[in-house]
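What follows is one structure encoded as structure tokens, with my remarks underneath.
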Amino acid sequence: MPISERKRNDVVILDLKGKLTIGTAEEGLREAVHRILDAGATKILINLKDVSTIDSSGVGELVSSYTRVTNRGGKLKLCTLPPKINDILMITQLITVFDVYDTEDEAVASFA
């Protein structure tokens with residue numbers, strides 16, 4: 001899974017693309033979040049707009065990333081969820097755990 005990283009103001013945005021499933025995709029997300037935290041960033045936004053599929057491992061890695069960032073005093077938020085991923089987070093009630101935004105602009109503004 002390609003993961004690109006960029007910054008808007010002091011928010012690090014991870015753009016995920018493809019399948020967030022067991023194996024390399026979840027490991028890639030874990031490594032990206034570790035790297036960002038180790039660099040001192042505390043505001044992380046995961047853009048899921050181009051994620052086509054997510055499985056239980058992918059959901060688990062989102063939760064692990066959220067926990068890791070929160071435990072280090074940071075904030076992790078999600079934006080632009082495709083309908084399938086939104087449904088999965090609704091069914092699992094994780095939608096109540098994450099701060100989720102419809103647009104990247106809204107999400108970035110929410111960190112202020």
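Quantities reported herein were computed from a predicted structural model and do not represent experimental measurements. Quick note: numbers below take in every heavy atom, side chains included, and nothing from hydrogens, waters or symmetry partners.
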### Task
Apply side-chain contact (heavy atoms from CB on, under 4.5 Å) to the pair Glu61 and Ile54, showing each step before the final yes or no.
CA-CA 10 Å; Glu61 190 52 45; Ile54 190 168; over 6 Å; no
### Message
How long is the straight-line distance from OG of Ser64 back to CG of Leu76, given to the nearest 0.5 Å?
### Response
11.0 Å
### Message
Do Phe111 and Leu14 land in one hydrophobic cluster if side-chain heavy atoms of ILVMFWY residues count as linked below 4.5 Å?
### Response
no
### Summary
The complete set of ring-ring contact (aromatic ring centres under 6.0 Å, His included) pairs with one or both residues in residues 25-78, sequence neighbours excluded, reads Tyr66-Phe98
### Task
Kindly compute the distance separating CD (Glu104) from CG (Asp15), expressed to the nearest 0.5 Å.
6.5 Å
### Message
Within this structure, what is the CG-CZ distance for the pair Leu45 and Arg8, rounded to the nearest 0.5 Å?
### Response
9.0 Å
### Task
For Tyr101, check side chain to side chain donor-acceptor pair (under 3.5 Å) against everything at least two apart and list the hits.
Ser110
### Same cluster (ILVMFWY, side-chain, under 4.5 Å), Leu78 and Val59
yes
### Query
How about Met1 and Val51: do any of their side-chain heavy atoms sit closer than 4.5 Å?
yes
### Message
Could you measure the distance from the OG1 atom of Thr80 to the CD atom of Glu106? Nearest 0.5 Å is fine.
### Response
10.5 Å
### Summary
For Asp55 and Ile22 the tightest heavy-atom approach is OD2-N, 3.0 Å
### Query
Considering all heavy atoms of both residues, which atom of Ser65 and which atom of Val33 are nearest to each other, and what is their separation?
OG-CG2, 3.7 Å
### Task
Take Leu20 and Leu62, measure what side-chain contact (heavy atoms from CB on, under 4.5 Å) needs, and give me the verdict at the end.
CA-CA 10 Å; Leu20 183 54; Leu62 286 176; 4.1 Å; yes
### Query
Do side-chain atoms of Asn9 reach the backbone of Val11 as a donor and acceptor pair under 3.5 angstrom?
no
### Task
Could you tell me whether the side chain of Ile46 reaches within less than 4.5 Å of the side chain of Leu29, counting heavy atoms only?
yes
### Query
For the atom pair CG (Leu48) and CD1 (Ile85), what is the distance rounded to the nearest 0.5 Å?
5.0 Å
### Query
Nearest heavy-atom pair of Ser52 and Lys84: which atoms, and what distance?
O-NZ, 3.9 Å
### Message
Return the CG to CD1 distance between Leu89 and Ile95, rounded to the nearest 0.5 Å.
### Response
5.0 Å
### Message
Tell me if a side-chain donor or acceptor on Arg72 pairs with a main-chain N or O of Leu37 at a distance below 3.5 Å.
### Response
yes
### Message
So, using side chain to side chain donor-acceptor pair (under 3.5 Å) as the criterion, who are the partners of Glu5 when residues are at least two apart?
### Response
Arg35
#### Entry: Donor-acceptor under 3.5 Å (Asn47 side chain, Ile13 main chain)
no
### Query
So, for Val12 and Ala41, which heavy atoms are closest and what is the spacing to 0.1 Å?
CG2-CB, 3.8 Å
